[in-house]
Amino acid sequence: MKQGALIFDEQTDRYDIRFDLADYYGGLHCGETFDVMVGGRWRPTRIEMAENWYLVGIHTDDLSGLRVRI
C-alpha cells in the first residue's frame, strides 16, 4: 500500500492522492475505496459525490490534506 494526502484537482474537478512531489494516483472516481487516518487509526472508506465530494462514514468539512493509503 502507498500512503499520501488527498488533494483537489481543479482541472478535473475531482480528488487525487499525492504521494510525493511529482507522484499522483491519477484521480479518484466515485466508489473507489481506500483507508483514511482518523484519530490515529486507519479506517476504510470510499469516495462519493452528491452536491460535494465526501467520504462514506467520515465526517469532515474539508477532505484536502487527509492522510490516506491505497
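Values reported hereafter were calculated over all heavy atoms of this structure, with side chains retained and with hydrogens, waters and symmetry mates removed. Only a predicted model underlies this, so the values are computations on that prediction, with no experimental measurement involved.
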Rounded to the nearest 0.5 Å, what separation is found between the OH atom of Y24 and the CD1 atom of I17?
-> 12.5 Å
Show me the donor-acceptor pairs, under 3.5 Å and distance only, between side chains in residues 62-70 and residues at least two apart or in other chains.
| unit_1 | atom_1 | unit_2 | atom_2 | d |
| --- | --- | --- | --- | --- |
| D62 | OD1 | S64 | N | 3.2 |
| R67 | NE | Q3 | OE1 | 3.4 |
| R67 | NH2 | Q3 | OE1 | 3.3 |
| R69 | NE | D35 | OD2 | 2.9 |
| R69 | NH2 | D35 | OD2 | 3.3 |

Which residues, ordered by chain and number, are linked to W42 in its hydrophobic cluster, where ILVMFWY side chains connect at heavy-atom gaps below 4.5 Å, directly or through other members?
-> M37
Looking only at heavy atoms, the pair that brings W53 and D13 closest together is NE1-O, 3.3 Å
Check whether any side-chain heavy atom of T33 sits under 4.5 Å from a side-chain heavy atom of T45, and report yes or no.
-> no
Reported OG1-to-OH distance for the pair T60 and Y54, which is rounded to 0.5 angstrom = 15.0 Å
Shared hydrophobic cluster, V56 / V36 (ILVMFWY, side-chain heavy atoms < 4.5 Å) = no
Starting at CD of Q11, measure out to CG of D16 and round the result to the nearest 0.5 Å.
-> 11.5 Å
Is it true that atom CZ of R46 has more than 12 heavy atoms of other residues, nucleotides or ligands lying nearer than 6.0 Å?
-> no
Distance (rounded to the nearest 0.5 Å) between F34 CZ and M1 CE = 11.0 Å
Can you name the residues that form a side-chain hydrogen bond (donor to acceptor under 3.5 Å, both in side chains) with R43, not counting sequence neighbours?
-> none
Y15 and E32: CA distance, side-chain angles, deciding distance, side chain to side chain donor-acceptor pair (under 3.5 Å) verdict | CA-CA 11 Å; Y15 277 88; E32 286 198 66; over 6 Å; no
Out of curiosity, L28 CG to I7 CD1, how far, rounded to the nearest 0.5 Å?
-> 9.5 Å
Which distance, rounded to the nearest 0.5 Å, do you find between the CG of L21 and the CG of D23?
-> 10.0 Å
